[in-house]
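These notes concern the structure reproduced below.
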Amino acid sequence: MTPTFPVAPGQLFINGKGQDALSGETFEILNPATEAVITRCAKGDARDVDLAVAAARKAFEEGPWASMSATERGRFVHKIGELVLKHADEMAYLETIQTGKTISESRNIEIPMAADVFRYFAGWADKLHGETIPVRGNHFCYSLREPLGVVAAIPPWNFPLLLSTWKIAPALATGNVVILKPASQTPLTALRLAAICQEAGLPDGVFQVVTGPGGSVGMSLVRHAGVDKVAFTGETTTGQTVMRECANTIKKLSLELGGKSPNVVLGDADPEAAARGAQVGIFYNKGEVCAAGSRLLVEESIHDRVMETLIGRTKKLVPGDPLDPKTRLGPVASKDQLAKVMEYVESGKKEGAKLVAGGAPAKVGGGKGYFVEPTIFDGVQPSMRIAREEIFGPVLSVIAFKDLDDAIRKANETIYGLASAVWTRDVKKAHYVAKRLKAGTVWVNTYNIYDPAASFGGYKMSGFGRELGMHALEQYTEVKTVWVDLNL
Ligand code: NAD
């Protein structure tokens with residue numbers, strides 16, 4: 001049995017305190033598995049953002065955070081990770097009821113990884129430093145590595161807590177302060193994290209949460225002259241808007257955007273393993289994964305064997321109650337998402353792709369909830385919409401290829417470049433393909449694995465900047481060069 005927890009109405013978390021939005025307005029948070037209202041949260045706007053930015057600036061410039069040693073800062077970040085684990089059952093429950101992801105994914109994978117992200121970056125806090133530089137003349141030259149200031153973290157709704165930690169942990173570890181604006185559909189774990197930061201004793205104003213719509217709260221943060229950096233994850237089109245707005249204040253910006261990742265199966269691959277990898281690649285978190293292996297590219301010689309196993313496995317993947325620990329596929333996250341997925345299914349049929357599994361909404365329990373059958377289209381042509389556009393749901397497009405060069409050409413035939421995979425028993429081919437794929441991550445004989453130490457991010461229209469790993473630290477620090485005249 002999954003433990004359940006009461007969910008209070010959500011307030012903004014500003015300067016160490018919960019408070020209502022200045023407008024007094026609230027909005028509903030829905031459970032996509034039942035369509036029931038879970039609770040209501042404060043609907044912030046530009047005025048609440050002003051308050052949060054003022055508190056953040058004060059905390060950054062004058063508060064105890066500003067004068068704290070790097071080691072002590074690291075201890076706070078570590079403590080937050082420990083507390084996320086201590087409250088993991090509750091965090092997992094909240095994540096599942098607001099997103100529809102299965103409790104097995106949230107409790108066993110995502111919440112523990114969120115804790116690990118804090119603990120990983122905590123270790124970096126006192127290991128980052130400047131350098132002395134051997135310059136010309138009688139000068140002493142050194143560099144300082146300094147925090148940027150106020151960071152606005154804007155994550156999407158598919159991994160609400162985990163993708164927030166990818167921003168918050170490195171930002172805090174390097175001495176910044178953070179204002180988190182969770183996706184409007186999924187603020188519950190963000191608000192619980194605010195309470196955890198309080199429990200950890202984090203000084204007021206260092207971590208704040210402003211809930212509300214992207215177009216008002218998100219946009220106000222992006223435009224605000226008191227915000228130094230925006231760390232954004234979301235759709236490519238929203239990222240383009242954010243980037244344009246950031247130009248006005250030349251804000252630092254990192255963008256993690258959409259994907260249409262190729263999962264390439266070469267003729268010599270283990271067909272069972274590749275089929276398993278294809279399934280994990282597209283159906284983990286109901287395909288609502290930026291790095292989902294949504295294009296399965298299969299060499300003609302092995303196509304039928306891989307497809308037979310994959311279709312067999314997919315037919316056994318039955319959507320169900322995401323709070324049941326045995327369920328492996330929950331509902332998509334919202335009514336809009338369901339409509340979008342079904343629209344793509346229709347477009348696939350119309351453009352002549354062959355539907356070989358799923359293709360319809362699924363009925364679970366009493367018939368409520370946004371459930372979709374896991375869906376596979378075979379015989380997909382690269383020109384079809386289902387091969388080019390991000391569906392962000394449990395829909396796989398299978399494309400056949402002739403040889404290695406054909407595979408690489410088709411794999412790279414996309415505006416995106418977030419992730420990719422290759423399945424082969426030939427070590428030379430594996431590295432040949434890994435080098436040629438234009439994507440920020442290449443998995444070889446595996447899919448969808450992550451680690452706080454391994455950087456993640458996009459090529460092309462999947463964004464820029466890297467999260468996780470040591471490269472994330474560059475996104476949250478400035479390098480200052482100091483020259484000292486030593487001439488007597
Ligand atoms: P979205 O772009 O609609 O929203 C992302 C966030 O931006 C939300 O918090 C939203 O409220 C906010 N927002 C919306 N409009 C805004 C504006 N004008 N100004 C500032 N903020 C604004 O994306 P989504 O639907 O929440 O998430 C799905 C998308 O995210 C998919 O495209 C997916 O590929 C992408 N994604 C990318 C990664 C990655 O690491 N590259 C990871 C997960 C999801």
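Just so it is clear, the model here is predicted, and its values are computed rather than measured. Every number for a ligand or one of its atoms is a count from 1 in the order of the listing.
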- Message: Please report whether ligand 1 has a polar contact with V242, defined as an N or O pair separated by less than 3.5 Å (distance criterion only).
- Response: no

- Note on the structure: Of all protein heavy atoms, the one nearest atom 36 (N) of ligand 1 is C290 CB, 3.4 Å

- Assert yes or no for the condition that the ring centre distance of Y450 to W443 is strictly below 6.0 Å. yes

- Ranked by distance from atom 23 (O) of ligand 1, the top protein heavy atom is E235 N, 3.4 Å

- Give the contacting part of L418 toward ligand 1: side chain, backbone, both or neither, where contact means a heavy-atom distance below 4.0 Å. side chain

- Which ligand 1 atoms are under 4.0 Å away from a heavy-atom of A183? 8 (C), 9 (O)

- Task: Return a yes/no value for T233: is any of its N or O atoms, backbone included, closer than 3.5 angstrom to an N or O of ligand 1?
- Result: no

- Message: Whether K101 engages the ring of F159 as a cation-pi pair (distance to the six-membered ring centre under 6.0 angstrom, angle to the ring normal within 45°) should be assessed.
- Response: yes

- Closest heavy-atom pair and its distance - L85, A115: CG-CB, 3.6 Å

- Task: Starting from atom 33 (C) of ligand 1, find the nearest protein heavy-atom neighbour and note its residue, name and distance.
- Result: F392 CE1, 3.2 Å

- Note on the structure: Counting from 1 in the order shown, the ligand 1 atoms closer than 4.0 Å to a non-hydrogen atom of L163 are 42 (C), 43 (C)

- Task: For N158, counting its heavy atoms only, list the atoms of ligand 1 lying under 4.0 Å from any of them.
- Result: 43 (C), 44 (C)

- Query: For atom 25 (O) of ligand 1, what's the nearest protein heavy atom and its distance?
  - Reply: W157 NE1, 2.8 Å

- Item | Distance (rounded to the nearest 0.5 Å) between I97 CD1 and L188 CG | 6.0 Å

- Note on the structure: Interatomic distance, OG1@T236 vs CD1@I415, rounded to 0.5 Å, equals 6.0 Å

- Ranking G258, G214, G215 by closest non-hydrogen atom to atom 19 (N) of ligand 1, top hit is G214

- With R385 as partner, the option from E343, E390, E351, E346 fulfilling salt bridge (charged side-chain N to carboxylate O under 4.0 Å, His left out) is E343

- Task: For the pair R47 and D50, evaluate salt bridge (charged side-chain N to carboxylate O under 4.0 Å, His left out) and give the outcome as yes or no after the intermediate values.
- Result: CA-CA 5 Å; R47 292 173 301 158; D50 282 343; over 6 Å; no

- Just jot down the ligand 1 atoms closer than 4.0 angstrom to any heavy atom of T238, in number order. 1 (P), 2 (O), 3 (O), 13 (N), 14 (C), 15 (N), 16 (C), 22 (C)

- Report yes if the distance between the aromatic ring centroids of F456 and W166 is under 6.0 Å, otherwise no. yes

- Task: Assess whether salt bridge (charged side-chain N to carboxylate O under 4.0 Å, His left out) is satisfied between E478 and R145, documenting all intermediate values.
- Result: CA-CA 6 Å; E478 291 270 26; R145 196 173 270 271; over 6 Å; no

- Task: Considering heavy atoms of the protein only, find what lies nearest to atom 18 (N) of ligand 1 and give residue, atom and distance to 0.1 Å.
- Result: M219 CE, 3.3 Å

- Message: Considering G457, P187, P155, A153 one by one, which has a heavy atom nearer to atom 9 (O) of ligand 1 than any of the others?
- Response: P155

- For E390, take its heavy atoms, then give the atoms of ligand 1 lying under 4.0 Å from any of them. 31 (C), 32 (O), 33 (C), 34 (O)

- Item | Closest protein heavy atom (residue, atom, distance) for atom 35 (C) of ligand 1 | G234 O, 3.2 Å

- Message: Checking D228 against K251 for the salt bridge (charged side-chain N to carboxylate O under 4.0 Å, His left out) test, could you report, in this order, the C-alpha distance in whole Å, the side-chain angles of both residues, the deciding distance, and whether it holds?
- Response: CA-CA 6 Å; D228 300 290; K251 260 187 197 56; over 6 Å; no

- Query: Can you find a protein heavy atom closer to atom 4 (O) of ligand 1 than 4.0 Å?
  - Reply: no

- Note on the structure: One should read off an interatomic distance between S254 OG and E256 CD, to the nearest 0.5 angstrom, of 7.0 Å

- Closest non-hydrogen atoms of P182 and T211, given as atom of the first, atom of the second and distance, are CG-CG2, 3.9 Å

- Message: I need the nearest protein heavy-atom contact for atom 20 (C) of ligand 1: residue, atom name and distance, please.
- Response: G218 C, 3.4 Å

- Message: So for W166, does at least one of its heavy atoms come nearer than 4.0 angstrom to any atom of ligand 1?
- Response: no

- Tell me whether the guanidinium CZ or amine NZ of K229 lies under 6.0 angstrom from the six-membered ring centre of Y476 and within 45° of its axis. yes

- Heavy-atom side-chain proximity of W157 to T99 below 4.5 angstrom: no

- Task: Considering only non-hydrogen protein atoms, determine which one is nearest to atom 12 (C) of ligand 1 and report residue, atom name and distance to 0.1 Å.
- Result: I154 CG2, 3.7 Å

- Query: Which ligand 1 atoms does P156 reach within 4.0 Å, using its non-hydrogen atoms?
  - Reply: 24 (P), 26 (O), 27 (O), 30 (O), 43 (C), 44 (C)

- Item | Distance filter under 4.0 Å to F232 heavy atoms, resulting ligand 1 atoms | 2 (O), 5 (C), 6 (C), 7 (O)

- Hey, which atoms in ligand 1 end up nearer than 4.0 Å to a heavy atom of F456? 40 (O)

